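What follows is a set of notes on a single structure, which appears directly below.
Just so it is clear, the model here is predicted, and its values are computed rather than measured.
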Amino acid sequence: MKKKHHHKNKPGFFKKWSAKLHLWFGLGIGFLIFIISITGALYVFKDELENFTREDVIYHNEQNIAQKQVLPIRVMEKSVVEQVKEKYPVHWVNVPIDKKMSYIFYWYEHNTKAWNYFEELPVYKAAYVNPYTGKVLRVYDEKNGFFNIVKMIHWSFLLKQDWGPYVVGIPVIIFLIMLITGIVLWWPRNKAARKQRFSFKWKNIKSWKRKNYDLHNILGFYSSIFALIFTITGLFYAYFVVQAMIYVIFSGGETKYPDFSHIKTKAPIELRTEGTLDKVISTVIKKYPDAFGFAIDLGHEHMDDHEHPNFEVYVKHLSYSYHKSSSLIFDENSGELLHTHDPKDKNFGEKAVGANYDIHVGSILGLPTKIIAFIVSLICASLPVTGFLVWWGRRKKKPAKTA
């Protein structure tokens, strides 16, 4: 009696081509995905590490501040400029609401004719300043700082910011396709296979090839949803069409983003004094006493000087996240508040756009989501490695001996 031979069902057309695309794309851009993912993982805890290493200057430690007054901002600026002696003008200052914290003055110049990161930024420095004395506590070269270089590798491969993100976006789009094809390939055909795909069963497994295959499949599956989110939020910065799609989807079909460019300075320039910015700062502090801080542009000309439609102040409400924010428009000459746009005034599309950065870096809910972002980024960095080893192991597979 002849034995029946049970042959495995051949994969369907969709699964077959998913396998081909997954392999070809993986071999083609695997190294770039490794670089993007590992730099993303390194950047996740940037704020925590910098807050730890800079704690002695983040807080100025001035005594008896209840009986003291913060220096006028222009007086403080003049003192800082004299101490730092930088040939470029100060660009902006970060003003904290907490009176125990230092002000941070930034020098930032953008050379639009450069082609790479290091030439594009002639200067990017931060000076931590005691606001009661004007003393510079320490100056940091942010341009050559570890985290900023890591960020710019992740953002643009250290290419020019105008088009570097487009270059990074290409492998990220391919990685998005790989995530989808990976889920298709992972999807089990039957109940028996399903049990094997959800957990590691290595008790009697000695083959490194099998363990590596499981690492690629199982870790890839569990991280895939988060990886899809981080991929799409990353493409947000590379392509305007992604930004537009996110806004339209989450706003319920709105196609026009709120525009306040028509709100402009009307007071005559004669009303602008040395105290105009102090008036602006005082207004913001009184309006948002529980916020974290805000930034003030100091109004000097810069290398890439561009037209600002109005004088806008961005208020950050949370220390760990940017998604909860307000924007205020002031008359640049009189210092009068012209318009306020708070979180309660924003539609869901605006909130989604505003939360994109925090979702991408994992800071949206603080430390728990940062830990998730860190682990998922490491897994994404491992997938090109384990995927290559799967391909290499099959390539080196010895042909079966014939009787």
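In this structure, the separation between CG on Leu137 and CD1 on Ile104 is 10.5 Å, given to the nearest 0.5 Å. For the atom pair CZ (Phe230) and CG (Leu235), the distance works out to 14.0 Å, reported to the nearest 0.5 Å. The distance from the CG atom of Leu23 to the CZ atom of Phe388 is 11.0 Å, given to the nearest 0.5 Å. Taken from CG in Leu49 to CZ in Phe146, the straight-line distance is 9.0 Å, to the nearest 0.5 Å. Atom-to-atom distance recorded for Phe311:CZ and Leu338:CG is 11.0 Å, nearest 0.5 angstrom.
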- For the pair Lys370 and Glu48, evaluate side-chain contact (heavy atoms from CB on, under 4.5 Å) and give the outcome as yes or no after the intermediate values. CA-CA 10 Å; Lys370 282 198 169 191; Glu48 286 77 8; 2.9 Å; yes

- Task: Output, in order, the C-alpha distance, side-chain angles, deciding distance and verdict of side-chain contact (heavy atoms from CB on, under 4.5 Å) for Lys287 and Leu337.
- Result: CA-CA 11 Å; Lys287 191 171 179 61; Leu337 178 61; 4.3 Å; yes

- Message: Using the rule given for salt bridge (Lys or Arg N to Asp or Glu O under 4.0 Å), can you reason through Glu336 versus Lys279, listing the C-alpha separation, both sets of side-chain angles and the distance that settles it, and then say yes or no?
- Response: CA-CA 8 Å; Glu336 293 294 327; Lys279 183 177 180 179; 2.5 Å; yes

- Message: side-chain contact (heavy atoms from CB on, under 4.5 Å) for Tyr257 and Glu350? Distances and angles first, verdict last.
- Response: CA-CA 8 Å; Tyr257 200 81; Glu350 288 178 86; 3.9 Å; yes

- side chain to side chain donor-acceptor pair (under 3.5 Å) between Ser321 and Asp358, intermediate numbers included: CA-CA 6 Å; Ser321 179; Asp358 296 311; 3.0 Å; yes

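Atom NZ of Lys78 sits in a sparse spot, with 12 or fewer heavy atoms from other residues, nucleotides or ligands closer than 6.0 Å. The environment of Tyr357 atom OH is dense: over 12 non-hydrogen atoms of other residues, nucleotides or ligands sit within 6.0 angstrom. More than 12 heavy atoms of other residues, nucleotides or ligands lie within 6.0 Å of CH2 in Trp163, so this atom counts as buried by the packing criterion. Taking a 6.0 Å sphere around OH of Tyr320, one finds it holds more than 12 heavy atoms contributed by other residues, nucleotides or ligands. No more than 12 heavy atoms of other residues, nucleotides or ligands lie within 6.0 Å of CZ in Phe348, so this atom counts as exposed by the packing criterion. Under a cut-off of 6.0 angstrom, the local environment of CD in Gln83 is crowded, with over 12 non-hydrogen atoms contributed by other residues, nucleotides or ligands. Lys346 NZ: more than 12 foreign heavy atoms inside a 6.0 Å radius.
A cation-pi contact links Lys316 to Tyr322, judged by a cut-off of 6.0 Å to the six-membered ring centre and 45° from its axis. The cationic atom of Arg54 (NZ for Lys, CZ for Arg) does not lie both less than 6.0 Å from the six-membered ring centre of Tyr128 and within 45° of the ring axis.
Counting only heavy atoms from C-beta outward, the side chains of Ile246 and Val242 approach each other to under 4.5 Å. Counting heavy atoms from C-beta outward, Glu254 and Val248 have side chains that stay 4.5 Å or more apart. Inter-residue side-chain proximity for Phe105 and Val136 is flagged as unmet; no heavy-atom pair is nearer than 4.5 Å. Taking the side chain as every heavy atom from C-beta outward, Phe236 and Ile232 never approach each other to under 4.5 Å. Under the 4.5 Å side-chain criterion, counting only non-hydrogen atoms from C-beta, Lys143 is not in contact with Val123. Counting heavy atoms from C-beta on, the side chains of Asp345 and Asp342 come closer than 4.5 Å. The shortest distance between side-chain heavy atoms of Tyr106 and Tyr124 falls below 4.5 Å. The side-chain heavy atoms of Leu159 and Tyr166, taken from C-beta on, include no pair separated by under 4.5 Å.
If you look at His60 and Tyr132, their ring centroids are closer than 6.0 Å. For an aromatic pair to be called close, the ring centres must be under 6.0 Å apart, and His341 with Phe260 satisfies this.
A tilted orientation is assigned to the rings of Tyr108 and His110, their planes being inclined by 30° to 60°.
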